[in-house]
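Order of listing sets the numbers, starting from 1, for every ligand and every atom in it. Below, each value reflects all heavy atoms present in this structure, side chains not excepted, and no hydrogens, waters or symmetry copies.
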Amino acid sequence: MAMYNGTDSPPVQPSPSHQISIVDVIFPGLAGVPAIAEQLLAGNLNRYTHLLWACGMLVFFGRHAYMYLVELAGLVGTYFTSTVHVRYSNEAYDMLVTWISSQPFADKARSTLASVGLKRMVHVERSDWSRKKPLYYSPWNGHFFFQYKNHLLKLRCEEKEVRFSVHEEISLSCLGRSSTILRELLSECRTEYLKLVQNKTSVFEHRDRGWKRTSTRDIRPMSTVIMDEKEKGSLVEDINSFLDPGARAWYSNRAIPYRRGYLLYGPPGTGKSSLSLSIAGCFRLDIYVLSLSDLREDSLNSLFAELPQHCVILLEDIDAVSSTRSRDAEEEESDKVGKVSLSALLNVLDGVASQEGRVLIMTTNHIEKLDAALVRPGRVDKKVEFRLADMDMIIRLFNIVYKRLDKDVPQEGKRIEDDVTVERLANRFAAEVPKLEFSPAEILSFLLENKQSAAMALDHAQEWMTRTREERKKVKRADSWVHQE
Ligand SMILES: Nc1ncnc2c1ncn2[C@@H]1O[C@H](COP(=O)(O)OP(=O)(O)OP(=O)(O)O)[C@@H](O)[C@H]1O
């Protein structure tokens with residue numbers, strides 16, 4: 001047996017640091033603490049070491065406490081809160097943002113987004129229109145707490161990169177496993193939003209492969225679209241009977257797909273888009289505008305699938321579809337903007353993605369270029385031609401601009417001719433402007449240039465016509481150079 005006699009060096013004991021302690025596994029570094037504490041209690045350490053030791057303990061326990069708190073918060077977040085997420089590309093986002101921006105807590109948010117003329121908000125006051133570039137602020141990229149019906153709610157706004165553009169996603173959370181309070185809040189946002197847009201037409205356009213509300217406009221009365229009244233009346237009558245509450249069942253009982261398509265054709269600026277917008281407004285529908293000349297084919301299906309049950313879908317420039325190319329060429333080109341193939345368009349119009357109950361309006365400046373398959377009955381049930389302005393249209397456009405309306409606000413420097421004078425001048429103007437030469441858009445633009453006085457418009461009419469003809473010649477020449485190249 002080895003004995004220690006006081007002169008030889010003591011037998012080597014295994015160092016405590018070489019032993020793997022269970023405490024070390026759970027709390028790394030904690031195993032050494034008792035030894036240090038023992039020394040400290042025995043008074044073997046000087047003051048400086050005391051201080052160091054106390055700081056070390058603080059850091060050590062502080063770190064662990066922080067880690068446990070973070071973990072606890074995560075656990076509470078996962079198991080004891082409810083969350084509703086709202087995507088940027090959905091209209092629920094507009095509802096929520098409009099509501100948030102009107103709340104006092106939005107002003108207190110430390111991280112906000114400043115925007116000029118915030119399009120997504122629909123409650124911008126009319127009085128604000130006169131202010132030049134007004135600024136609006138809304139909470140952005142951060143989280144905010146607020147009280148709603150005695151519940152503490154958390155609003156989180158996060159920036160997300162979606163296909164090369166940055167969008168914001170919003171989530172609302174509350175404590176507890178029930179999301180009832182969040183749904184109540186969203187329902188309030190919806191009610192408020194519907195009140196704001198009730199006498200308006202919401203216009204949706206495609207953005208990043210989804211629909212986005214791009215504007216909310218006052219309903220345009222049908223009477224402000226100047227065209228053949230018989231044609232307009234018959235179109236409105238047709239849409240009215242299609243949207244009749246009993247119509248869906250009628251179609252379904254006869255196994256006829258419940259949808260209706262219209263083709264509006266004619267030269268640019270003759271009122272095709274204006275009438276579509278007016279139809280949407282008069283039937284209290286939202287309008288979804290899709291221009292085929294700036295659309296990628298692979299977005300077409302998802303856009304149609306996302307359409308609501310009742311809406312107007314306006315397909316502009318349908319002559320931009322390519323019908324003569326081979327299937328291979330179509331596939332090759334399908335990822336390019338403005339290259340939608342006819343087969344893809346026909347698929348969405350008839351396929352499962354096409355929503356029943358929607359009013360489809362297609363417009364074109366070149367009816368002669370359209371494939372017969374696209375405009376066959378069933379896809380297009382009614383065709384309406386839009387023409388350049390005839391005498392009657394010119395007179396009506398003139399009267400719209402110069403006759404006084406009850407709700408007009410008197411403007412400085414505007415000479416007001418009485419209605420009898422305006423009518424007389426309208427007849428003279430219509431006699432000077434050749435019929436079927438100028439579009440309503442051209443005439444309207446000229447009249448608005450001279451909106452101070454009807455007599456002044458008459459004085460400048462000849463000069464305007466000469467100028468417009470010259471401009472047309474220039475555009476034609478530029479066009480022919482492009483074609484030659
Ligand atoms: N028939 C019309 N009645 C009243 N306003 C019209 C008419 N036609 C055109 N306008 C006015 O001209 C402008 C352009 O009209 P709109 O966009 O409706 O024409 P469009 O036929 O759809 O043209 P495009 O074929 O180029 O799309 C609008 O501001 C509209 O108010």
Quick check for you: to the nearest 0.5 Å, what is the distance between K272 atom NZ and L277 atom CG?
14.0 Å
From the candidates S445, S274, A389, G271, the one that places a heavy atom nearest atom 19 (O) of ligand 1
G271
Does ligand 1 have an atom under 4.0 Å from some heavy atom of R220?
yes
For atom 9 (C) of ligand 1, what's the nearest protein heavy atom and its distance?
G269 O, 3.3 Å
Test your reading of the structure: does V225 have an N or O sitting under 3.5 Å from an N or O of ligand 1?
no
Here the gap from I318 atom CD1 to L360 atom CG, rounded to the nearest 0.5 Å, amounts to 8.5 Å
Specify the protein heavy atom at minimum distance from atom 3 (N) of ligand 1: its residue, its atom name, and the distance to 0.1 Å.
I226 N, 2.8 Å
Are any of the N/O atoms on N365, whether in the backbone or the side chain, positioned under 3.5 angstrom from an N/O atom of ligand 1?
yes
Is the terminal nitrogen or CZ of K403 (NZ for Lys, CZ for Arg) located under 6.0 angstrom from the six-membered ring centre of F398 and within 45° of that ring's axis?
no
Give the residue, atom name and distance (to 0.1 Å) of the protein heavy atom nearest atom 14 (C) of ligand 1.
A441 CB, 4.0 Å
T224: numbered ligand 1 atoms lying under 4.0 Å from its heavy atoms:
3 (N), 4 (C)
Could you verify whether a donor N or O on one side chain and an acceptor N or O on the other, from T98 and E192, lie under 3.5 Å apart?
no
Classify the contact between R387 and ligand 1 as side chain, backbone, both or neither, using a heavy-atom distance cut-off of under 4.0 Å.
neither
Grab the two heavy atoms, one from W211 and one from L303, that are nearest each other, plus how far apart they are.
NE1-O, 2.8 Å
Would you say the side-chain atoms of T83 and S173 include a donor-acceptor pair closer than 3.5 Å?
yes
Quick one: does ligand 1 sit under 4.0 Å from the side chain of L444, the backbone, both or neither, non-hydrogen atoms only?
side chain
What I want to know is whether P440 and ligand 1 share at least one N or O pair that is separated by under 3.5 angstrom.
no
Please check if a non-hydrogen protein atom sits closer than 4.0 Å to atom 22 (O) of ligand 1.
yes
So which protein heavy atom does atom 27 (O) of ligand 1 come closest to, and at what separation?
S273 OG, 3.8 Å
Between Y262 and D238, do the side chains contain an N or O donor and an N or O acceptor separated by less than 3.5 Å?
yes
With a cut-off of under 6.0 Å to the ring centre and 45° to the axis, is R254 in cation-pi contact with W250?
yes
Tell me the closest heavy-atom pair linking N365 and D319, and the distance in Å.
N-OD1, 3.8 Å
